[in-house]
There are 2 protein chains.
Amino acid sequence: MTARKPRIGQSRATLSDVAAHVGVSAITISRALNKPDLVSEALRQRIDEAVRLLGYVPNRAARALASTKSNSIVVLVPSLSNAVFVDTLAAVHDKLYPAGYQMLIGDTRYSPEQEEKLLRTYLEYNPDGILLTGFDQTPAAQQLLAASNIPTVHMMELDEGGRPCVGFSQFDSGYALTSLLLAKGYRRIAFLAAQLDPRTLRRGDGYRAALQQAGLYDASRELTEPNPSSVGMGGGLLARLLAQAPDCDAVFCNNDDLAVGVLFEAQRRGIRVPQDLAIAGFNNLDMSAWSNPAITTVATPRYATGSEAADMLLALMAGRQPASLKVDLGFELLARDST
Amino acid sequence: MTARKPRIGQSRATLSDVAAHVGVSAITISRALNKPDLVSEALRQRIDEAVRLLGYVPNRAARALASTKSNSIVVLVPSLSNAVFVDTLAAVHDKLYPAGYQMLIGDTRYSPEQEEKLLRTYLEYNPDGILLTGFDQTPAAQQLLAASNIPTVHMMELDEGGRPCVGFSQFDSGYALTSLLLAKGYRRIAFLAAQLDPRTLRRGDGYRAALQQAGLYDASRELTEPNPSSVGMGGGLLARLLAQAPDCDAVFCNNDDLAVGVLFEAQRRGIRVPQDLAIAGFNNLDMSAWSNPAITTVATPRYATGSEAADMLLALMAGRQPASLKVDLGFELLARDST
DNA sequence: GAAATTCAGGTTAGCGCTAACATTGGGTGC
DNA sequence: GCACCCAATGTTAGCGCTAACCTGAATTTC
């Protein structure tokens with residue numbers, strides 16, 4: 001048993017304080033807390049009592065330093081104001097929290113540079129695992145990741161190169177929704193997108209491919225806007241579109257909030273939906289199911305993505321080989337009254 | 001100069017690795033990194049180069065342990081899927097990040113018990129400061145906070161008891177919006193609320209007070225629902241309301257998404273807004289400005305709350321006395337076409 | 001009943017960093 | 001030219017915890 005150190009003031013109780021109080025050595029307290037079955041029942045109870053009495057709270061930094069395990073996971077998402085990522089985060093949390101891991105959440109604001117900066121910062125925490133969104137890391141960030149040797153899983157997109165990933169094909173989803181519109185007889189289909197992140201662009205690629213294949217592609221019907229998408233912006237984009245290509249018979253909006261904005265603006269202009277103009281959105285956000293008419297959209301596996309990605313990461317961290325390093329969760333077309 | 005420790009494998013470079021490489025002592029590297037002006041220009045450059053060469057990343061746990069400062073701030077919000085808190089978080093981040101602090105974000109899911117649990121967990125990180133939402137902590141959580149002696153600021157509500165806080169009066173905002181409806185001539189005003197957190201309830205108190213004062217309160221027009229609010233739920237609540245109190249001439253929705261849902265449902269039922277039914281929302285979310293008609297709402301100071309709260313916390317952490325311990329940021333009524 | 005095993009706890013050392021004090025070797029003042 | 005000071009770097013110790021090994025007593029094995 002180590003001598004009790006004199007403690008000045010009322011700084012927090014430490015392991016040795018508890019140990020001194022109970023009359024055992026510090027390591028025993030540590031064991032009672034972390035590997036309870038290595039300590040006898042009776043002693044464990046006395047320890048629990050002392051812990052409560054002294055208000056002992058373990059010091060995570062000390063634990064991390066001594067054990068070289070931080071029990072924290074870095075999760076980097078492009079935005080916290082987008083329901084897509086929030087839902088994914090919730091799923092990740094639901095898996096990781098019971099496993100004893102803390103999430104360090106970083107918001108990259110859709111910028112690879114910001115992502116690199118966050119990565120640099122969070123690497124100081126010595127995370128046990130990393131969850132990233134997409135594959136568009138800067139070269140420096142990729143180097144950091146490689147050098148750190150920390151298990152990493154990418155979410156929301158699929159990789160052909162063998163990097164661990166969970167998501168769905170953005171290209172296919174854009175292609176499929178456009179094909180649905182073509183099948184319904186629409187011929188002059190516009191594409192409206194805000195927040196030009198890589199996933200948006202790949203959905204646009206799918207849109208373009210479908211139309212080109214049908215011989216119906218017209219670049220003037222493609223309208224984009226770098227700022228984050230919102231209902232208000234949907235209205236603005238429709239106004240721009242009608243000025244530039246007034247003959248469109250359908251719009252593919254890259255996100256449901258844009259679609260709702262387009263619907264509102266169409267109503268203001270007396271454009272009937274879907275008779276004069278069909279509207280399709282993306283992501284199946286809550287509101288698109290309830291508008292009048294309800295908006296056709298693509299349901300994306302947000303919660304499942306977070307859940308599966310966390311599972312894969314847990315496997316990698318435990319040194320287990322996950323069943324698959326590439327999990328394609330697919331997507332679902334929801335044809336509703338707006339098309 | 002301390003001897004270089006033999007390093008096996010390729011575990012991360014440490015301060016002493018850098019020191020050995022440059023040929024100085026570890027503390028000098030530490031100084032070059034943290035207090036650069038204590039180290040000569042020439043040496044600093046050599047150190048920077050070595051840091052880059054070895055890919056040195058400081059170990060946060062070790063730094064926290066040695067300095068007894070974690071440079072991290074715990075921020076607990078009730079939900080990440082509510083734009084209100086996300087905006088607030090963004091503001092907090094914008095202030096804290098430049099000051100060198102990391103945020104540890106916790107999502108309490110509107111539960112004081114969960115909040116207590118998170119607090120317990122995050123206290124292990126030895127945060128330098130804490131930001132909480134509201135004042136409804138469990139007694140145990142309050143005890144934890146008091147014992148920890150960590151500067152804490154409460155957001156979104158105001159306290160009479162002198163605890164540091166930044167927000168606005170939820171009661172007053174509910175009272176003011178109801179008064180606006182009364183002033184416009186509405187007499188049978190309903191109140192629809194989901195997610196019955198304390199702030200919702202206090203807004204409801206304001207609503208009730210205004211109506212009671214006017215002698216127009218009728219409990220059957222108050223309808224609540226414990227689950228999180230959404231557009232879909234707004235429609236459901238309107239349906240319930242019409243069954244129970246079909247003569248309402250206005251609805252005060254506790255959040256804009258409910259209001260939009262009510263509007264959609266009214267449209268489906270052929271109820272004219274505002275002629276047959278006026279609709280008011282809360283929080284000034286993006287969509288409420290663009291619907292047809294645009295929805296009357298209350299603009300709440302979300303970003304400012306985060307910003308001011310972070311400022312206050314920074315002052316408290318630095319041992320400075322903030323200008324005021326109670327910052328009332330007010331709110332703004334936005335009368336639009338739906339009333 | 002002696003050796004082998006298990007159980008419950010202890011000792012020692014060190015994770016990587018920084019606070020606090022110590023040391024050096026020029027200036028500076030007069 | 002001597003005391004003094006300051007700037008730049010070093011030494012020592014320790015933050016709070018746990019990994020790895022060690023010890024002694026109780027229990028089991030045949």
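Chain identifiers are assigned alphabetically (A, B, ...) following the order of the sequence lines, protein sequences preceding nucleic acid strands; residue numbering begins at 1 within each chain.
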Over how many whole Å does the gap from Asn34(A) atom CG to dA19(D) atom P extend? 8 Å
If you look at every strand shown and take non-hydrogen atoms under 4.0 Å, does Lys35(A) touch a base, only sugar-phosphate, or nothing? sugar-phosphate
Side-chain donor or acceptor of Arg31(A) under 3.5 Å from a matching atom on the base of dG10(C)? yes
Consider the side chain of Leu65(B), meaning its heavy atoms from C-beta on, and name the nucleotide among dC15(D), dG9(C), dT18(D) that approaches it most closely. dC15(D)
Distance-only donor-acceptor test, Arg60(B) side-chain atoms vs dG16(C) base atoms, 3.5 Å: no
Between Gln45(B) and Glu49(B), a side-chain donor and acceptor under 3.5 Å: no
Leu38(A) atom CG is separated from dC7(C) atom C1', nearest whole Å, by 10 Å
Under 3.5 Å, side-chain donor or acceptor atoms of residues 73-83 of chain B against the rest of the protein: list the pairs with distances, not counting sequence neighbours.
residue: Ser79(B); atom: OG; partner: Ser81(B); partner atom: N; Å: 2.9
residue: Ser79(B); atom: OG; partner: Ser81(B); partner atom: OG; Å: 3.2
residue: Ser79(B); atom: OG; partner: Asn82(B); partner atom: N; Å: 3.3
residue: Asn82(B); atom: OD1; partner: Val84(B); partner atom: N; Å: 2.9
residue: Asn82(B); atom: ND2; partner: Tyr110(B); partner atom: OH; Å: 3.3

Length of the CG-P vector between Leu15(B) and dG10(D), whole Å: 13 Å
If the threshold is 4.0 Å, N to carboxylate O, is there a salt bridge linking Glu308(B) and Lys95(B)? no
Select from Glu41(A) and Thr68(A) the residue whose nearest nucleotide in DNA chain C is closer to the 5' end of that strand. Glu41(A)
What is the separation between atom CD1 on Ile27(B) and atom P on dA20(C), rounded to the nearest whole Å? 11 Å
OP1 or OP2 of dT9(D) versus the side-chain N and O atoms of Ser40(B): is any pair under 4.0 Å? yes
Side-chain N,O (Thr14(A)) to OP1/OP2 (dG16(D)) below 4.0 Å: no
Measure OH/Tyr125(A) against C1'/dC17(C) and give the value in whole Å, please. 15 Å
